[in-house]
Number of protein chains: 2
Amino acid sequence: MTVRQDVHSSGTPVLCQSCEARHHGVCGALDPDQLMGLAKTSSKHTVEPGAELIGDTEAVDSYSNVLSGVVKLTKSLSDGRQQIVGLQFAPDFLGRPFKVESAINAEAATAVSLCSFPKAAIERMMKESPELEHRLLKQTLNELDEARNWMVTLGRKSASEKVASFLLMIARNIDPALDPSAQSTSFDLPLTRADIADFLGLTIETVSRQLTRLRSDGVIRIENNRHVTVDNLNRLQRRSGA
Amino acid sequence: MTVRQDVHSSGTPVLCQSCEARHHGVCGALDPDQLMGLAKTSSKHTVEPGAELIGDTEAVDSYSNVLSGVVKLTKSLSDGRQQIVGLQFAPDFLGRPFKVESAINAEAATAVSLCSFPKAAIERMMKESPELEHRLLKQTLNELDEARNWMVTLGRKSASEKVASFLLMIARNIDPALDPSAQSTSFDLPLTRADIADFLGLTIETVSRQLTRLRSDGVIRIENNRHVTVDNLNRLQRRSGA
DNA sequence: CGGCAGCCTTGATTTCGGTCAAAGCCGCCC
DNA sequence: GGGCGGCTTTGACCGAAATCAAGGCTGCCG
């Protein structure tokens with residue numbers, strides 16, 4: 001579904017001067033001088049689940065790297081119907097270059113730690129550093145690819161295929177190190193049933209019923225409503241509609 | 001739904017040396033020397049509706065600007081279910097920089113004229129010209145925005161809202177000069193009912209029924225199954241779910 | 001002109017997922 | 001412990017859209 005590995009494949013994680021963590025993303029594209037400049041105004045911080053990171057209400061003047069946790073990108077219709085249009089995992093980049101008008105919301109789905117940079121600083125650097133813009137282009141192409149893959153799921157898959165696809169997608173993203181040939185895996189769901197429904201274009205009840213079915217069919221196990229174990233990834237994949 | 005104007009807002013149409021037409025897109029980002037170099041290997045050509053422009057079968061080694069007509073981007077599940085994940089209108093750019101793996105198909109929905117460049121030439125120039133990459137980034141961000149908007153339509157709108165949204169989207173894109181405050185408009189549908197169904201995640205029959213309803217409710221008129229007239233765009237918009 | 005092929009529309013029926021309603025579970029705080 | 005609130009599950013029923021099945025329109029070609 002995704003080819004996340006490709007995004008930041010160029011180069012190893014870089015010691016970010018500002019948040020003092022080793023991570024990919026923006027920092028990796030900057031030379032030491034630029035990093036120094038950026039460090040003065042950037043900062044690492046952590047937010048609770050539910051915290052709004054980008055809203056149509058407030059203008060946002062910063063970009064961030066997601067260091068850990070999951071951020072959901074949502075859009076709403078005027079009557080309140082909501083759709084999650086993307087999930088950002090570490091080490092994705094969060095922000096809207098060139099102020100593309102889009103009325104998108106970003107909210108922490110889990111506890112999230114971020115490394116943020118002021119918008120002005122990044123935009124200035126983007127003019128100077130083609131490498132930075134190149135990385136952004138790659139991430140954006142990747143997000144576009146994911147969005148289009150998800151459009152197939154939304155438009156053409158049945159409820160049970162949608163839920164299976166969702167579980168696979170999460171399994172692949174939560175643990176980026178997951179061997180693509182792995183046969184089993186185990187992870188915490190970063191979303192509530194309501195979020196999953198908003199992501200899949202379903203209702204809470206339908207999501208719950210499909211999870212129950214996967215459980216009683218022995219495809220998955222769930223503990224505490226959050227922790228999912230998949231013993232046979234192939235079985236799940238067969239139910240995802242390919 | 002879209003902010004197409006922004007994409008190519010930087011600069012006026014440029015006389016493309018290769019296809020000898022004035023257009024935006026790639027050419028506008030190149031200096032005269034680069035254009036000259038490109039002209040040697042690029043060409044303008046026209047294809048019939050149904051022609052496959054990018055397929056998972058054959059490797060594609062060129063990029064193109066769409067000069068006129070409509071190109072549909074599709075994805076399919078293994079059992080044949082299909083979803084249209086995007087439409088490209090002039091002056092959109094067609095191609096996959098950096099070979100992002102995505103199993104996408106591109107097919108001419110109408111007669112299409114293109115100005116094509118060999119992949120190698122463009123990629124070489126992208127390394128030299130940050131401006132070119134900048135344009136690509138802008139178009140990609142725009143496509144991402146459109147894809148995410150469409151995800152809301154696919155996931156959360158009813159069949160009648162989907163069809164209304166589709167008509168509005170086409171009206172806004174077919175005639176880029178359409179005044180956003182215009183009250184009425186008229187255009188040819190670039191897609192068959194089957195294509196519209198694949199775009200909206202519906203069946204042919206449902207699309208047909210919804211069009212019939214819009215017609216009998218006096219919101220639209222249709223001649224020859226293709227030519228649509230909307231006398232009151234606001235009425236259509238109210239049915240699109242906003 | 002006549003027949004055929006490709007689209008499109010319309011109607012009857014089925015079904016998947018939504019809606020409405022109730023109850024369970026679990027953690028939390030008094 | 002007990003009660004409360006939020007999230008989840010389950011059940012009964014309903015309805016929007018899919019499916020199945022004709023039939024119509026148009027343009028093309030013999």
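Chain identifiers are assigned alphabetically (A, B, ...) following the order of the sequence lines, protein sequences preceding nucleic acid strands; residue numbering begins at 1 within each chain. Values below: all heavy atoms of this structure, side chains included; hydrogens, waters and symmetry mates excluded.
Side-chain N/O atoms of A:S113 and A:K44 include no donor and acceptor closer than 3.5 Å. For the residue pair B:D198 / B:Q83, no side-chain donor-acceptor distance below 3.5 Å is found, with atom types taken as modelled.
One cannot find a donor-acceptor pair under 3.5 Å joining the base of C:dT9 and the side-chain atoms of B:R213. For A:E205 and C:dC20, a side-chain-to-base donor-acceptor distance below 3.5 Å is present, hydrogens and geometry of angles not being considered. Interface remark: the B:R193 side chain does not form any donor-acceptor pair with the C:dG6 base, using a distance-only criterion of under 3.5 Å.
Summarising the geometry, the separation between CG on B:L202 and C1' on C:dT15 is reported as 16 Å, rounded to the nearest angstrom. The CG atom of A:N225 sits 20 Å away from the P atom of D:dG5 (whole-angstrom rounding). Between the CG atom of A:N224 and the P atom of C:dC28 there is a distance of 12 Å, rounded to whole Å. Atom CD of B:Q210 and atom C1' of C:dT9 are 13 Å apart (whole Å). Here the P atom of nucleotide C:dC7 and the CG atom of B:D195 are 10 Å apart, to the nearest Å. Here D:dA18 presents its C1' atom at 9 Å from CZ of B:R209, a figure rounded to the nearest Å. Straight-line distance from the NZ atom of A:K157 to the P atom of C:dC16: 18 Å, rounded to whole Å. Between B:L211 atom CG and D:dC25 atom P the separation is 18 Å, expressed in whole Å.
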- Using the side chain to side chain donor-acceptor pair (under 3.5 Å) rule, take B:N105 and B:K75 through it: C-alpha gap first, then chi angles, then the decisive distance, then the call. CA-CA 6 Å; B:N105 278 65; B:K75 279 177 159 286; over 6 Å; no
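Checking C:dG17, D:dA17, D:dT9 against the side-chain heavy atoms of A:R215 singles out D:dT9 as nearest. With D:dT8, D:dA18, C:dT9 as the choices, the nucleotide that has an atom nearest any side-chain atom of B:T203 turns out to be D:dA18.
At C:dT10, one or more side-chain N or O atoms of B:T212 fall inside 4.0 Å of OP1 or OP2 (strictly under the cut-off). For B:T206 and D:dA17, the shortest distance from a side-chain N or O to OP1 or OP2 is not below 4.0 Å.
B:L67 places none of its side-chain heavy atoms less than 4.5 Å from the side chain of B:L114. Using a 4.5 Å heavy-atom threshold, the side chains of A:L191 and A:L87 count as touching. B:R172 places none of its side-chain heavy atoms less than 4.5 Å from the side chain of B:F89.
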- Message: For Watson-Crick and G-U wobble pairs within 3.5 Å on both distances, what is DNA chain D written in dot-bracket notation, | included for inter-strand pairing?
- Response: ||||||||||||||||||||||||||||||
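For B:R81, the CZ atom is densely surrounded, since the number of other residues' heavy atoms within 6.0 Å is greater than 12.
Heavy atoms of B:S208 sit under 4.0 angstrom from at least one base atom.
Residue-to-nucleotide proximity on DNA chain D shows that, of A:R226 and A:R156, the 5′-proximal contact is made by A:R226.
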